Amino acid sequence: MTTNTILLIFLSLLIAGAYSYYNYYYKARIKSKVHLILAFLRFISVFCVLLLLINPIISNKTLEIVKTTLVIAVDNSSSISDLKATKITSEIYNKLTSDSELIDKFDVQSYRFDSNFESSNFFDFKGKQTNIDAVAKNSKSINKNAIYPTIIITDGNQTSGNDYVFSFDANNKVYPVVVGDTTTYLDLRISRLNVNKYAFHKNKFPVEIFLNYTGTKAINSNFLLSQGNSILNSQVVSFSPSKRSVVISVLLPADKIGLQVFKARISSIEKEKNSYNNNFNFAVEVIDQKTEIAIISSFNHPDLGSLKRAIESNAQRKVTLLKPKEINDLSKYNIVILYQPTIEFKSFFEKNNDLGLNTFIITGTKTDFNYLNQKQKDLVFKMSSQSEDFIADYKDDFNLFSIDDIGFSQFPPLANPFGVVTTSANVNVLLGSTIRNISTNSPLLAFSESQGKRAAYLLGENSWKWRLQSHVKDKTYQKYDVFIDKTIQYLASTAFKKSLIVNHESFYNSDEPIEISAQYFNKNCEFDNKANLNITVVNRKSKAKKSFDLLKSNSDYKVNLDGLESGKYDFIVKELNSNSVYNGSFEILDFNIEKQFANPDLVKLNQLATQTKGQVIFPDNIDSLIKSLLENEEYKSVQKSIIKKMPLIDWIGLLVIILISLTAEWFLRKYNGML
C-alpha cells in the first residue's frame, strides 16, 4: 500500500471514532454498556464504509513449487500388438508412472499417440498409423520455452508425418524406450509401391516397387505381379547383407476400363517371422477419356507453369500451352484458359462461337478490358490505368461445388488494374477482394453458367505465388492443386447441376480414412443446409448392411466409414425429404501398413537419442533410466513467489460485516427504546 492510502485509512479511523463518540457519548445524558456497544457497532459500520470508498489494494504473497515436466508418450499403434510388445509396454509405463520419487521430482504428463496425439493413461494398441512427429510438435507447444526430458515408449516405426529424428528440440533430451524383439530375423518385404490412381485406356502405366531385405545371408527371391489368376510380371531378385534393397519398375497395360486390382508379392524358400509384408495390393482406375486443356497466352509468365503443374497433378488432365497465333484446331480441347486476353485473341473468340468451349479467363495488368467487355456478358469492367494489389476473401455461401478455405486470405495479393467490376445475376463468387482489409465489393474468383456453358474468372495475375505459399504452409502442393482441380472439374462438366452430388473414391486402403461427402441443392440450385442425408452400405460378398447419417460441415455433408473390413461395397445416399438418390460403389483393399514391420527401427531411435543428447533405453534398463533422471541436476524444482493483488471492494466479507453491524445496531436501539 502507498503512503497516501495508509494516511487515508488512519484518517478513516479518526473519523469513525469521532463520529461514534459524538453520537453515543457526547450527546448521551446517561452512559451505559449499551451505549458502548452501540458506539462500537457504529464505529465498525462507518470505518468499513470509508474503507470501501478508499478501496485499498490488498496484496497476498504465496510460494509455489514448480516441478520440471516429464513427458511420457506411449505408442498406441497396432504395430506394438503385432510385435507382441503390448504387455511389456504397459509394464514399463506403469513402472514409470508409479515411481514415487519420479512423481515427487517431476510433473508427469502422460500421452498416447498413433495417428493422433492425446493426453491419456489408457492404451488399446489399435491405432492405424504411427506419427512420432506429432509427439515432438505437441510437446513443444504445450511446454513452451521449458527444459524437460521426454520418454517415448515405441518401436520407432513411423508410418505418417515428417521425419521425427530432427523434429524434437535438440536442447531437450529424448529417451526412446525400445519395445519389440530387436533380434534380426530374415525378412523380405515390399516397403513401398508407387503408382498413379488413374491410367488411360490403351496406354501403359508405370509401377515402382521398393523391396527390402533383412538377414545375414545371401538369398534369391521370387517377385510376382499379378491380376487375379494372370501373372503380369515375374522375376528373380537377389539379396545379400550388402544388398538390402532393390527397386523394380514395371509398365503395365491399361487394357480394361474401370477399377483394376493388382497384387505384388515377394517370396523365398526361407522361413520368415512376418510374411504379411510380402504382399501389397493396389488398384488403378482405367478411364477412357482425358480432359484436354489449352492455355492461351501472348507472353510468358510464371502463372502459366504453375497452372500447368497444378492441373496435371491430376493424371486425367493434359495441358497444352499455345500462343494466340498458334490457334488452329480447338475441337480436341475440352477447356480453354485465356491468360490476359487482348485483341490478339480475336481468332479464338471467332472459332469458339461455333464450338462453345467452357473458358477460364485470367486477367492482369496487360489485359484489354474494353475488348473483354465485348466478348462476354458475365462481368462488366470499368478499369483505370492504375494497378492495385488485391487480397482474397473467401465466401462461405459459395455452393456451386464443395471447396474448403485453404487459407486464401493469407495468400499473397494478386495484381490487377483498379476499377469497378459489376457481376450479372448468373455469377457465383467464390473469392471476393479486399485492399488493405477494405472490401472492394468486387469478385476475385467467380463462376458463371448460362445455357449449359460454364466460365470462370480470376481477376489478377501472380497466382503462382499462391501455390508456393500453400507449399510453404502445408509442406505440400496438394491443397492448392485440389482447389485448381475442382475448378477444372466444374468447367469440364457440361451437364446441368444435379440436386444430389456425392464425392467418393473408387477404392481405399483399409488403413486410411474412408470418407464420403455429399451436397444437396434445392430447386433454386441453392445449397440446402437443412437436408436429411442417409447412406446405406452393403458388402457385396456377405450382404451385411449398415446405415449412417451424413453430418453437416461448412459446405457439405460428410460420413466417416472407418471400421469396414476389406471387400467390395455398394452404397446408396438418399435425401429423406425429397427421396433424391445417388448409387455408387467402392472397394477397400486389404492393406495394413502397421503390419509391415518385423523389428523395431533401432537405427532411427539411436539417431533421435544422439540428436537430443538422450539415450536409447531397453526394457531391462528402466531402473537405470529412473536413476539417471533423479540424479540429473538439470531438472530441479523451482520455487516461485506469486503475489496476488485484489481491490478491497471485491472482498464480500467486508460488505457482510457492514450489514451485520448496521442490523445489530438497529435491533439494539429498537430493543432499548432509542428509536
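Residues take their numbers from the sequence shown, with the count starting at 1. Predicted, not measured: the structure shown is a model, and the values here were computed from it.
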Before accepting this row, confirm whether a basic side-chain N of the pair Asp481/Arg467 lies closer than 4.0 Å to the acidic partner's carboxylate O. yes

Check Lys137 with Asp133, please: is the shortest side-chain N to carboxylate O separation under 4.0 Å? yes

According to the ring pair (Phe, Tyr, Trp, His ring centres under 6.0 Å) rule, which pairs have a member within residues 122-165, sequence neighbours left out? Tyr93-Phe123

Return the OG1 to CD1 distance between Thr440 and Ile435, rounded to the nearest 0.5 Å. 6.0 Å

Between the main-chain N or O of Thr476 and the side-chain N or O of Asp474, is there a donor-acceptor pair closer than 3.5 Å? no

Steps toward salt bridge (charged side-chain N to carboxylate O under 4.0 Å, His left out) verdict (Asp404, Lys479): CA-CA 9 Å; Asp404 294 326; Lys479 287 187 177 180; over 6 Å; no

Lys627, NZ: over 12 other non-hydrogen atoms inside 6.0 angstrom: no

Phe418 atom CZ, over 12 foreign heavy atoms within 6.0 Å: no

Please confirm whether the backbone N or O of Ser100 pairs with a side-chain atom of Asp104, one donor and one acceptor, at under 3.5 Å? no

Any side-chain heavy atom of Gln410 sitting closer than 4.5 Å to one from Gln469? no

Tell me if a side-chain donor or acceptor on Lys105 pairs with a main-chain N or O of Leu629 at a distance below 3.5 Å. yes

Of all heavy-atom pairs between Trp466 and Pro412, which one has the smallest distance, and what is that distance? NE1-O, 2.8 Å

Donor-acceptor pair, distance only, cut-off 3.5 Å: does the side chain of Asn462 make one with the backbone of Leu414? no

List the atom of Pro149, the atom of Leu70, and the distance in Å for their closest heavy-atom pair. CG-CD1, 3.6 Å

Are side-chain heavy atoms of Asn529 and Lys552 found at a separation under 4.5 Å? yes

Can you spot which of Thr130, Asp124, Thr154 makes a side chain to side chain contact (heavy atoms under 4.5 Å, CB included) with Asn76? Asp124

When you measure from the side chain of Asp393 to the backbone of Asn437, do you find a donor-acceptor pair of N or O atoms at a distance under 3.5 Å? no

Validation row: Leu533, Leu576 side chains within 4.5 angstrom (heavy atoms): no

Donor-acceptor pair, side chain of Tyr520 and main chain of Tyr557, under 3.5 angstrom: no

Checking Asn131 against Gln129: is there a side-chain donor and acceptor pair closer than 3.5 Å? no

Donor-acceptor contact below 3.5 Å, side chain Ser384 vs main chain Gly419: no

Mind running side chain to side chain contact (heavy atoms under 4.5 Å, CB included) on Tyr457 and Leu445 for me, showing each step along the way? CA-CA 6 Å; Tyr457 300 87; Leu445 176 60; over 6 Å; no

Side chain to side chain contact (heavy atoms under 4.5 Å, CB included) with Glu575: of Leu550, Asn532, Asn534, only one passes, and it is Asn532

Could you check Val427, Leu430, Asn426, Val429 and say which one makes a side chain to side chain contact (heavy atoms under 4.5 Å, CB included) with Phe447? Leu430

Let's go through Tyr477 and Tyr480 carefully: what are the C-alpha distance in whole Å and the side-chain angles of both, what is the deciding distance for ring-ring contact (aromatic ring centres under 6.0 Å, His included) to 0.1 Å, and is it a yes or a no? CA-CA 6 Å; Tyr477 295 112; Tyr480 180 82; 8.4 Å; no

Could you please spell out the steps behind the salt bridge (charged side-chain N to carboxylate O under 4.0 Å, His left out) verdict for Asp163 and Lys604? CA-CA 9 Å; Asp163 188 347; Lys604 276 285 186 70; 3.7 Å; yes

Would you kindly say whether Asn138 and Ser141 are connected by a side-chain donor-acceptor distance under 3.5 Å? no

So which atom in Gly432 and which in Leu444 form the shortest heavy-atom distance, rounded to 0.1 Å? O-CB, 3.5 Å

Are Tyr111 and Phe117 close enough, and set up right, to give a ring-ring contact (aromatic ring centres under 6.0 Å, His included), and what steps lead you there? CA-CA 7 Å; Tyr111 302 98; Phe117 178 87; 4.7 Å; yes

The test is side chain to side chain contact (heavy atoms under 4.5 Å, CB included); show your working for Thr422 and Leu379 and say whether it passes. CA-CA 6 Å; Thr422 306; Leu379 304 177; over 6 Å; no

Short side-chain donor-acceptor distance under 3.5 Å, Thr434 and Ser439: no

Candidate pair Ser624 and Asn621, rule side-chain hydrogen bond (donor to acceptor under 3.5 Å, both in side chains), full reasoning: CA-CA 5 Å; Ser624 64; Asn621 290 329; 4.6 Å; no

Minimum-distance pair of heavy atoms, taken over all atoms of Ser120 and Ser110: O-OG, 2.8 Å

Taking all heavy atoms of Gly156 and all of Leu605, pick out the closest pair and write down the distance. CA-CD2, 3.8 Å

Would you check if Pro513 and Asp562 make a side-chain contact, meaning some heavy-atom pair closer than 4.5 Å? yes

Would you say Ser553's side chain and Asp556's backbone share a donor-acceptor pair under 3.5 angstrom? yes

Determine, for Asp114 against Lys126, whether the closest basic-nitrogen to carboxylate-oxygen distance falls under 4.0 angstrom. no

Do Ser77 and Asp75 have a side chain donor and acceptor closer than 3.5 Å? yes

What do the steps show when you test Asp155 against Ser79 for side-chain hydrogen bond (donor to acceptor under 3.5 Å, both in side chains), and what is the final call? CA-CA 8 Å; Asp155 58 13; Ser79 66; 2.7 Å; yes

Name the residue from Thr97, Leu625, Leu96 that meets the side chain to side chain contact (heavy atoms under 4.5 Å, CB included) definition with Leu102. Leu96

CA sep, side-chain torsions, deciding dist, call: Val616, Leu608, side chain to side chain contact (heavy atoms under 4.5 Å, CB included): CA-CA 9 Å; Val616 170; Leu608 172 60; over 6 Å; no

Please give me the minimum heavy-atom distance between Ile406 and Lys473, naming the atom from each residue. O-NZ, 3.5 Å

Side-chain (Lys395) to main-chain (Asn428) donor-acceptor, under 3.5 angstrom: no

Can you confirm whether more than 12 heavy atoms, excluding those of Gln478, are under 6.0 Å from its CD atom? no

Residues Ser45 and Ser661: side-chain donor-acceptor under 3.5 angstrom: yes

Less than 3.5 Å apart, any donor N or O on the side chain of Thr612 or Tyr175 sitting next to an acceptor on the other? no

Would Ile37 and Leu668 count as a side chain to side chain contact (heavy atoms under 4.5 Å, CB included) here? Give the steps. CA-CA 9 Å; Ile37 295 171; Leu668 275 175; 3.6 Å; yes

Can any side-chain N or O of Ser637 pair as donor or acceptor with the backbone N or O of Lys67 at less than 3.5 Å? no

